[in-house]
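Since the structure comes first, as structure tokens, the remarks are kept for the end.
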Amino acid sequence: MTETNRIEFKRELTRDLDIEREVVAFLNYHEGGMIYIGIDDNGKPVGVKDIDGDMLRVKDRIRTGISPSPMGLFDVTVERVDDVPVIKVFVATGSEKPYYKTKFGLSERGCFLRVGTASEPMTTKQIEDLYAKRVRQSLKNIPSPHKDLTFRQLHIYYDSLHLQLNKSFAKTLDLLTSDGEYNYVAYLLADTNSMSVKLAKYAGTDRDELIENHEYGYCSLLKATDQVLSRLHVENTVKSSIGYPFRTDTPLWNERAVRELVINAIVHNDYFNEVSPKFELFSDRLEITSAGTLPFGMSKADFFNGVSNPRNKELMRVFRDVDMVEALGTGMLRVLKVYKEENFVFMDNFIRVVIPYNWIPSGLANGNLENKAVNVPENVLENISENTVDNFKQLTVRQQNIINRMIETGKMNVLGNVIVNVLETSASLAEYFGVNERTIRRDLRFLQEHNFLRHVGPDKGGHWEVVEKP
């Protein structure tokens with residue numbers, strides 16, 4: 001590994017290290033970049049003595065030392081280089097250029113730009129030119145259509161990960177305009193809004209015969225996203241082929257890649273004209289359409305090379321907080337391991353991704369598609385303690401479906417002449433829902449603490465059960 005226009009090495013984090021300068025330079029650079037702490041100038045990993053402490057210090061210095069707010073535009077993680085743990089600071093290019101060190105303001109001492117392998121001071125003319133092109137209009141600056149907003153669902157998502165939202169959470173999450181009123185980001189994350197995400201299903205390869213039409217929305221965008229993901233998970237039918245020596249299971253599409261594309265479509269959607277993303281199931285493909293084109297200054301090559309330039313950085317920050325997205329700049333690279341650039345269609349005002357099915361389900365083409373939607377039935381509530389019934393419908397869709405899944409698989413199943421009790425673990429649930437095991441474990445912990453589930457047996461080797469009514 002060597003230093004490039006997008007990679008910077010730092011041996012260690014000290015008070016003299018001007019980490020703010022490096023981050024500002026990448027924020028102002030059209031491709032963003034990465035800073036590695038714990039690698040010397042020769043590219044040799046030397047490690048970090050206090051990796052957790054240094055990560056916290058890096059986050060704090062970036063958050064408090066740079067303007068406009070870079071929240072949602074950087075990611076601080078641990079990466080192993082030659083089996084040596086180092087700190088990786090990923091910085092996306094920003095849409096509110098020029099960024100600057102807060103202490104020095106819009107001046108040559110505060111503004112920097114990546115030039116080759118160095119972070120150079122910007123000239124006064126460069127600063128003025130960038131400021132003139134700054135994208136002033138953003139969801140952050142648009143007032144919410146309604147003032148009386150509530151955020152119960154947002155609190156549930158944060159609480160499930162043991163993250164506390166205090167009384168000033170709206171300010172912390174950039175949910176306020178400069179006048180202190182709720183902005184449009186707050187409106188999208190509120191319990192009630194007018195935004196609806198549509199999912200349609202057609203009998204054939206065109207839009208002539210609509211057989212199902214669903215709307216997920218009028219609620220927090222987080223919950224709407226979970227609803228869409230849960231529905232698509234159900235629709236992702238698996239075809240099993242028995243062969244020697246193994247059975248082969250083939251889903252309609254790659255679950256992880258499509259999950260990434262769904263969340264990207266929702267987080268990066270252009271909501272200025274109140275147009276929401278659309279998801280369409282045909283007999284031979286899935287289409288995901290989001291409003292808006294590539295952000296200003298981003299080319300198709302940048303897009304496919306994993307350059308991150310979040311259109312709605314405030315939404316991105318919240319989705320990262322609740323573990324719906326993993327890391328900046330990595331999602332598209334994962335998607336392209338499965339699907340091709342040709343699957344993306346760039347229109348004047350929309351971006352569409354066309355996902356061809358891995359196989360064509362029988363009955364889809366003629367419209368005889370069985371409705372396999374996983375709805376949480378009322379009788380599920382009969383299996384849950386009375387003191388938790390009122391809170392059940394406040395859970396996220398995935399948390400509700402975890403309970404439903406356990407009730408279904410917890411029954412005694414007959415295999416040959418042997419009665420087998422199917423027991424769910426965090427690993428089996430993660431595989432079933434198509435998410436990482438860490439996310440499932442947090443859901444399980446939240447459900448356990450709120451008396452929906454109990455863990456039986458040792459930490460390793462035990463299983464989960466639904467708490468039944470006494």
Side-chain angles (χ1 to χ4, degrees), residues 199-205 211-212 214 216 225-263 265 279-288 324 331 334-340 343 353-377 397-416 420-437 439-440 443-444 463-464:
L199 189 150
K201 185 188 297 182
Y202 303 95
T205 59
I211 57 177
E212 289 187 39
H214 303 274
Y216 302 104
T225 303
D226 250 342
Q227 290 173 323
V228 171
L229 289 171
S230 294
R231 177 69 194 199
L232 288 176
H233 175 73
V234 172
E235 297 291 347
N236 193 15
T237 311
V238 174
K239 177 182 180 181
S240 297
S241 303
I242 306 300
Y244 182 82
F246 304 112
R247 184 182 75 175
T248 302
D249 293 333
T250 307
L252 288 179
W253 55 75
N254 183 280
E255 187 94 12
R256 186 175 185 185
V258 167
R259 173 185 170 84
E260 189 79 39
L261 291 168
V262 168
I263 294 175
F279 305 89
E280 297 173 292
L281 292 156
F282 297 87
S283 61
D284 61 345
R285 69 193 186 279
L286 164 66
E287 290 189 3
I288 301 173
M324 280 197 174
R334 286 197 296 270
V335 169
L336 290 176
K337 290 181 179 179
V338 182
Y339 299 109
K340 301 177 181 179
N343 294 117
V353 190
V354 180
I355 306 298
Y357 294 160
N358 294 324
W359 58 281
I360 304 299
S362 60
L364 248 181
N366 59 23
N368 296 325
L369 184 66
E370 180 185 0
N371 181 5
K372 297 182 179 180
V374 174
N375 297 315
V376 181
V397 173
R398 187 174 60 244
Q399 289 167 350
Q400 292 178 4
N401 281 339
I402 286 174
I403 295 173
N404 193 33
R405 169 75 175 171
M406 288 187 176
I407 290 173
E408 291 300 318
T409 59
K411 298 175 182 177
M412 304 299 283
N413 295 330
V414 178
L415 181 65
V420 180
N421 191 18
V422 181
L423 303 175
E424 293 288 358
T425 64
S426 58
S428 65
L429 288 167
E431 181 179 359
Y432 179 80
F433 285 101
V435 297
N436 61 52
E437 192 172 347
T439 298
I440 286 293
D443 278 337
L444 294 173
H463 65 275
W464 293 90

Do [X] and [Y] touch side chain to side chain, with heavy atoms closer than 4.5 Å?
{"X": "I355", "Y": "L261", "result": "yes"}
{"X": "N254", "Y": "Y339", "result": "yes"}
{"X": "Y357", "Y": "T250", "result": "no"}

For the residue pair [X] and [Y], what are the closest heavy atoms and their distance?
{"X": "S426", "Y": "L444", "value": "CB-CD1, 3.8 Å"}
{"X": "A203", "Y": "S283", "value": "O-CB, 3.7 Å"}
{"X": "V258", "Y": "W253", "value": "CG2-CD1, 3.3 Å"}
{"X": "I440", "Y": "A430", "value": "CG1-CA, 3.6 Å"}
{"X": "I263", "Y": "M324", "value": "CD1-O, 3.0 Å"}

Nearest-0.5 Å distance, [atom1] of residue [X] to [atom2] of residue [Y]:
{"X": "E212", "Y": "R231", "atom1": "CD", "atom2": "CZ", "result": "5.0 Å"}
{"X": "N343", "Y": "R285", "atom1": "CG", "atom2": "CZ", "result": "12.0 Å"}
{"X": "E437", "Y": "T439", "atom1": "CD", "atom2": "OG1", "result": "10.0 Å"}
{"X": "Q399", "Y": "D226", "atom1": "CD", "atom2": "CG", "result": "8.0 Å"}
{"X": "I211", "Y": "K201", "atom1": "CD1", "atom2": "NZ", "result": "5.5 Å"}
{"X": "D443", "Y": "L429", "atom1": "CG", "atom2": "CG", "result": "9.5 Å"}

Is there a donor-acceptor contact under 3.5 Å from the side chain of [X] to the main chain of [Y]?
{"X": "Y216", "Y": "L229", "answer": "no"}
{"X": "R259", "Y": "H233", "answer": "no"}
{"X": "T237", "Y": "E235", "answer": "yes"}

Item checked: Partner residues of E255 under the salt bridge (Lys or Arg N to Asp or Glu O under 4.0 Å) criterion, sequence neighbours left out -> none
Checklist line | Aromatic plane relationship, Y202 with F282 - under 30° parallel, 30 to 60° tilted, over 60° perpendicular | finding: parallel
Next item on the list: Scan N236, L232, V353 and name whichever one has a side chain to side chain contact (heavy atoms under 4.5 Å, CB included) with L286.
Entry: L232
